[in-house]
Amino acid sequence: MAETTPQDAAPLSESEIVAARRAKLKRFRDELGFEPYGQRVDGLVPLADARALFSEEAHAAHEAASKLAKDAKAAGAAAPQEVPDARPVAKVAGRIVQHRDMGKLVFLFLRDATGDLQVSISKAAIAANSFELAKAADYGDILVVEGPVGRTQKGEVCVWATDVSLGAKSLAAPPEKWHGLSDPELRYRRRYVDMYANPETAKVFAMRARIVSRIRRFMDARGFLEVETPVLQPIAGGAAARPFTTHHNALDMPLFMRIAPELYLKRCMVGGMRKVYEINRNFRNEGIDRSHNPEFTAMEVYEAFGDYGTMMELTESLIHELAVSMVAERQAAGLRVDPNGPVLPWGDLAIDYAKPFVRVKFEELFRRGTGVDMRDFKAVRAKAREVGMHHEAKLDDWLVVNELFEELAEPLIDPCRPTFVTDYPSAVSPLTRPSRTDPAICERWDIFIGGMEVGPAYTELNDPDIQLAKFTEQLKGADDEESTFRTLDEDFVEALRVGMPPAGGLGIGIDRLVMLLTDSASIRDVILFPLLKSMGGPGAGDTATDAEGTKA
RNA sequence: GAUUGCGUAGCUCAGUCGGUAGAGCAGCGGCCUUUUAAGCCGUAGGUCCUGGGUUCGAAUCCCAGCGCAAUCACCA
């Protein structure tokens, strides 16, 4: 039938591959009688489970029986008494990631989320159409295979297929079978390929799922109630960030994607929920880099009658517990673990999550980094000029303190030890509650791990008059651009007037935490579908395969 | 937003001093009943990211743009 396809169309190279696969699809359906897109299959087991079914005794018994039968046949004797095949039978499905055609024997590897397993298809042991299917199947096709679990001569555990059918024909050109997809751009844009071509990718997202589920169990066990608050908000509050804007047609009403759930969670506390949390997707219309994606997942926690110290204990216990569970996972996976405690690798670092985490006051760290007292503004400004901060004269005293802190004190934090920096100056945290004993500082901490800021916590402000005053002051400072999305949330102030109990509040960047716990260098490695610029015009968003549907 | 680097076949990558494009895998046609990135024979496949410029001649040099990455700035 090859003669029937002369070079009439001179198709693009990409569609040559696709066209070949379409031709196969047609052949599978019309000549071999397989539905190329499969149907429901009951009784499937994951590939790892099928592999675990392998029994050396059953395999040996079967080999011996086969040899007897073969010898008898060769000698022209009558067939020996048939021995029942004791090998366990498995029905499996997976994507073809290796395919070796030996003529009358075909070896291929299937892959699913649990791993790879070889399937061996002998022409003598299977229907002709199934054999032809296995022989002609392409990398990337999804097969359903049933048969006894045995071994090959080289010791590879495999399913000796007695039945093969199609789960789905893949029309797309597959990635390189040995190197997989390594171009980071292609991995992000075609994550669905990355996920099967690079098993490490799939593992990270499975770990992420377990981490999030452990976080929920931890919070639930401590009596916190998980709630869901609006993503679409008429006023984007709770953080200082630029929001995405959108619009509700029926209400003809401008809306913002939330930048934080804070003000709604506090309303929940006004309503009587004492311990609440939300694992929330936030959206911030800002820059993108290794630790920032425009939409990101955080957990916010509020505990009535707690404070920032309550939140510190909770955070420390939670992160410690997560680290311990990750160490256990690594151990179970056969990776070497530090015998001395919960230590996890992150790039070149080995981060030690042993309790207690380091605690250091802002003021003390500032003194260590700069050699001056942060309240001695003369000395602070002198230091600023000394290190070449040219715009020092234009800044408020406390802003100079803040900049010097970031430049000279933050680098002193040991990236290998989770560290709480506590008691920030009130002036740089305008919405936080000042300390009762020292109004110059406020009850806030930030936790740093691996050089990244993973989250802040506060003793929350619950005096409606102070809150209103602070909001108003903040609005005055907003420039024209900001004022288009900064609005006073009067309803929130009204809620505080109803009365919110004193509380501790916490925010943890889940993506960053997952990066740390899974040894991922970029936030894009822990977000399934990170935002990328679209290529070409609108709608031309995807790469490579977008031509396939229109050709052939 | 700034700086630097990268962009070559579906994928992974070579491409020397500027002389008109290469390999492996994948594909296609064969052979092969124990392979482990299987092997062997044959074959096809290119907008060298895009657009300008320099040059007799550009994948290569220059300029601009697009995309990605790293670093910085901002933020969580």
Side-chain angles (χ1 to χ4, degrees), chain A residues 1-3 5 7 10-21 23-24 96-109 116 118-125 131 135-136 138-140 150-156 158 160 170-190 193 197 238-242 259-260 280 282-300 406 446-448 452-456 507-513 515 521-524 530 532-537 543-545 547-548:
Chain A
M1 62 173 206
E3 302 86 308
T5 55
Q7 264 57 33
L12 296 173
S13 68
E14 216 283 319
S15 21
E16 272 175 20
I17 290 175
V18 174
R21 286 175 171 243
K24 273 191 186 168
I96 299 175
V97 292
Q98 292 190 55
H99 186 277
R100 301 189 191 101
D101 180 354
M102 309 287 298
K104 296 188 182 65
L105 184 62
V106 176
F107 296 107
L108 46 85
F109 270 88
D116 295 356
Q118 181 168 290
V119 171
S120 307
I121 303 102
S122 165
K123 187 174 185 179
F131 184 72
K135 206 172 162 64
D138 289 314
Y139 285 76
R151 235 183 31 182
T152 65
Q153 283 176 9
K154 296 287 170 64
E156 184 78 40
C158 67
W160 283 100
S170 173
L171 295 175
E176 219 269 354
K177 75 176 175 188
W178 182 244
H179 299 93
L181 261 199
S182 63
D183 179 352
E185 181 170 358
L186 281 180
R187 291 183 50 211
Y188 300 140
R189 287 194 194 278
R190 310 191 66 204
V193 176
R242 303 172 54 80
I259 54 175
N280 57 92
N282 292 322
F283 306 85
R284 299 192 180 174
N285 209 337
E286 288 167 354
I288 297 177
D289 65 25
R290 234 171 38 166
S291 56
H292 294 85
N293 193 61
E295 55 180 299
F296 66 100
T297 303
M299 176 171 73
E300 279 203 14
E406 282 170 11
D446 279 31
I447 182 169
F448 292 84
M452 269 194 306
E453 197 184 337
V454 174
I508 291 184
I510 298 296
D511 308 290
R512 289 182 179 180
L513 195 56
M515 284 170 66
S522 165
I523 198 167
R524 290 180 163 189
L532 297 178
K533 279 199 188 179
S534 52
M535 306 186 70
T543 49
T545 57
E548 69 180 76

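Numbers restart at 1 for each chain; the letters A, B, ... are given by sequence-line order, proteins then strands.
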- Message: In whole Å, I'd like the distance from the CZ atom of A/Arg189 to the C1' atom of B/rA69.
- Response: 13 Å

Would you tabulate the pairs of protein nitrogen or oxygen atoms and nucleotide nitrogen or oxygen atoms of nucleotides 37-42 of chain B closer than 3.5 angstrom?
| from | atom 1 | to | atom 2 | distance (Å) |
| --- | --- | --- | --- | --- |
| B/rA38 | OP1 | A/Lys177 | NZ | 2.3 |
| B/rA38 | OP2 | A/Gln98 | OE1 | 2.3 |
| B/rA38 | OP2 | A/Arg100 | NE | 2.7 |
| B/rA38 | OP2 | A/Arg100 | NH2 | 2.0 |
| B/rA38 | O5' | A/Arg100 | NE | 2.7 |
| B/rA38 | N6 | A/Asp101 | O | 3.3 |

- Query: Heavy atoms under 4.0 Å, any strand shown: does A/Ala260 hit a base, just sugar-phosphate, or nothing?
  - Reply: nothing

- Task: With heavy atoms under 4.0 Å as the rule, sort A/Asn293 into base, sugar-phosphate or nothing.
- Result: base

- Message: Checking A/Lys135 now: which residues fulfil salt bridge (charged side-chain N to carboxylate O under 4.0 Å, His left out) with it, not counting sequence neighbours?
- Response: A/Asp101

- Message: Could you tell me how far apart A/Asp289 (CG) and B/rC68 (P) are, to the nearest whole angstrom?
- Response: 14 Å

- Would you say A/Ser122 reaches B/rU33's phosphate, i.e. side-chain N/O to OP1/OP2 under 4.0 Å? no

- Does A/Arg21 place a side-chain N or O at less than 4.0 Å from the phosphate oxygens OP1/OP2 of B/rA26? no

- Task: Could you pull out all residues at least two apart from A/Lys123 that satisfy salt bridge (charged side-chain N to carboxylate O under 4.0 Å, His left out)?
- Result: none

- Looking at every strand, decide which applies to A/Glu156 at a 4.0 Å heavy-atom threshold: base, sugar-phosphate, or nothing. base

- Residue-phosphate contact under 4.0 Å: A/Thr297 side-chain N/O, B/rA76 OP1/OP2: no

- Would you mind classifying the nucleic acid contact of A/Tyr188 as base, sugar-phosphate or nothing, using non-hydrogen atoms under 4.0 angstrom? sugar-phosphate

- Item | Residues forming a salt bridge (charged side-chain N to carboxylate O under 4.0 Å, His left out) with A/Asp116, sequence neighbours excluded | A/Arg111

- Message: From CG of A/Asn285 over to P of B/rC74, roughly how many Å is that when rounded to an integer?
- Response: 18 Å

- Phosphate oxygens OP1/OP2 of B/rU34: is one of them under 4.0 Å from a side-chain N or O of A/Lys104? no

- Query: Of the nucleotides B/rC11, B/rA44, B/rA76, which has the atom closest to the A/Ile523 side chain?
  - Reply: B/rA76

- Message: A/Glu156: which residues meet the salt bridge (charged side-chain N to carboxylate O under 4.0 Å, His left out) condition with it, sequence neighbours left out?
- Response: none

- Query: With a 4.0 Å cut-off on heavy atoms, is A/Ile508 in touch with a base, just the backbone sugar-phosphate, or nothing at all?
  - Reply: nothing

- A/Pro294: partners by side-chain contact (heavy atoms from CB on, under 4.5 Å), with sequence neighbours left out: A/Phe244, A/Ile288, A/Leu531

- Starting at atom CD of A/Glu16, determine the distance to atom P of B/rA44, rounded to an integer number of angstrom. 11 Å

- How far apart are the closest heavy atoms of A/Gln118 and A/Phe109, and which atoms are they? OE1-CE1, 3.3 Å

